[in-house]
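No experiment lies behind these values; they were computed from the predicted model shown.
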Amino acid sequence: VAALLQEIVSIYPLLTPPTLTAHASNRVCNALALLQCVASHADTRQPFLAAQIPLYLYPFLNTQSKSRPFEYLRLTSLGVIGALVKVDDTEVISFLLSTEIIPLCLRIMETGSELSKTVATFIVQKILLEETGLNYVCATAERFYAVSTVLANMVQLLQVHPSVRLLNRAREALKTCLPNSLRDNTFGPHLHNDPTVQKWLSQLLGIVGGEEGIQGSNGAPNPAALFGDGT
């Protein structure tokens, strides 16, 4: 693991200014692929977190260059985090919430490639599916607004650049972070005389599949070989 970390930190100077070459990116991505195996294995997952190894990947997630070497690096790094959240482990979620993973994923969801957006959205969705993650996001209006706004913007952008895989993933994540009070007619009596807000709420529930929204959601396809065999 020490040798893998050495490979990772060796390219930090190439991140800013962005001078990363395809060869250097491939070397680090190979190291990240091995780390993904460590992250996904039950016997090594906890030591992996205890050593705070995911933090070594965050500089890669924080890059903004759209060149292929950087995109490949971001995507492979997301795959490591995806392998962690896939196992539905509360300790994993708690660790990630203590870091900056949600802001990093939100930015990738706004600016990344389609596949990077899909994996970043998957990570946010898995965090929201855990009670600790949902409580964290809903603890402040700012956090909830940040997540819901990015997801809503993704849905709007997909009207221009359609992607069924990404739309399903964004819809599932958005549905997860909506409070139940917006689904169970809690505010019905208060909206009785406001048809405009009623219409907006109905449209929102229709889009994300609320209690009275679209029927028969099949969920999102698996983001493929990045972190296993289903979500």
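By the 4.5 Å heavy-atom criterion applied to side chains, M109 and L151 are counted as neighbours. A 4.5 Å side-chain heavy-atom check between R107 and N62 finds at least one atom pair inside the cut-off. Residues F48 and V80 form a side-chain contact, since some pair of their non-hydrogen atoms from C-beta on lies under 4.5 Å apart.
The distance from the OG atom of S116 to the CG atom of L61 is 9.0 Å, given to the nearest 0.5 Å. To the nearest 0.5 Å, atoms CG (L97) and CG (N135) are separated by 10.0 Å. Here the straight-line distance linking atom CG of L73 with atom CG of L20 works out to 6.0 Å at 0.5 Å rounding. Rounded to the nearest 0.5 Å, atoms CD1 (I102) and CG (L96) are 8.5 Å apart. Note: I8 CD1 to F60 CZ = 5.5 Å, rounded to the nearest 0.5 Å. Here the OG atom belonging to S94 is positioned 10.5 Å from the CD1 atom belonging to I127, to the nearest 0.5 angstrom.
When atom types are taken as modelled, the side chain of T44 and the backbone of V38 share a donor-acceptor pair closer than 3.5 angstrom. The backbone N or O of V87 lies less than 3.5 Å from no partner atom in the side chain of K126, so there is not a single donor-acceptor pair. With hydrogens and angles ignored, the 3.5 Å screen pairs no side-chain donor or acceptor of R45 with any backbone N or O of L84.
For CZ of R27, the number of neighbouring non-hydrogen atoms (other residues, nucleotides, ligands) closer than 6.0 Å is 12 at most. The environment of F70 atom CZ is dense: over 12 non-hydrogen atoms of other residues, nucleotides or ligands sit within 6.0 angstrom. The environment of Q46 atom CD is dense: over 12 non-hydrogen atoms of other residues, nucleotides or ligands sit within 6.0 angstrom.
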Kindly indicate, with the supporting measurements, whether the criterion side chain to side chain contact (heavy atoms under 4.5 Å, CB included) is fulfilled by T111 and K66. CA-CA 9 Å; T111 63; K66 296 185 181 297; 4.0 Å; yes
Going through the checks in order, is the side chain to side chain contact (heavy atoms under 4.5 Å, CB included) test met by L55 and Y58? CA-CA 5 Å; L55 298 183; Y58 286 13; 3.7 Å; yes
Let me see the working for F122 and L78 under side chain to side chain contact (heavy atoms under 4.5 Å, CB included), right down to the final yes or no. CA-CA 10 Å; F122 169 79; L78 286 169; over 6 Å; no
When you look at S67 and S65, which way does the side chain to side chain donor-acceptor pair (under 3.5 Å) test go after all the steps? CA-CA 6 Å; S67 68; S65 172; 3.2 Å; yes
Go through it in stages, so that I can follow the logic: the residues are T149 and Y145, the test is side chain to side chain contact (heavy atoms under 4.5 Å, CB included), and I'd like the CA-CA distance, side-chain angles, deciding distance and then a yes or no. CA-CA 6 Å; T149 298; Y145 180 77; 3.3 Å; yes
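C105 and I123 get closest at one heavy-atom pair: SG-CG2, 3.9 Å. Looking at every heavy atom in both residues, L14 comes nearest to A24 through CD1-CB, 4.2 Å. When all heavy atoms are compared, the tightest approach of T76 to A33 is CG2-N, 4.4 Å. Smallest separation of non-hydrogen atoms from A83 and Q36: CB-CG, 3.8 Å. Closest of all the heavy-atom pairs between T90 and E130 is OG1-OE1, 3.4 Å. Of all heavy-atom pairs between T63 and P59, the closest is CG2-O, 3.3 Å.
Both Y136 and I101 are members of a single hydrophobic cluster when ILVMFWY side chains are connected at heavy-atom separations under 4.5 Å. Tracing side-chain contacts under 4.5 Å through hydrophobic residues (I, L, V, M, F, W, Y), one reaches L104 starting from I11; they form part of the same cluster. No continuous path of hydrophobic side-chain contacts links Y72 to Y12 [ILVMFWY only; heavy atoms under 4.5 Å].
A salt bridge is absent between E71 and R68; no separation between the charged side-chain nitrogens and carboxylate oxygens falls under 4.0 Å.
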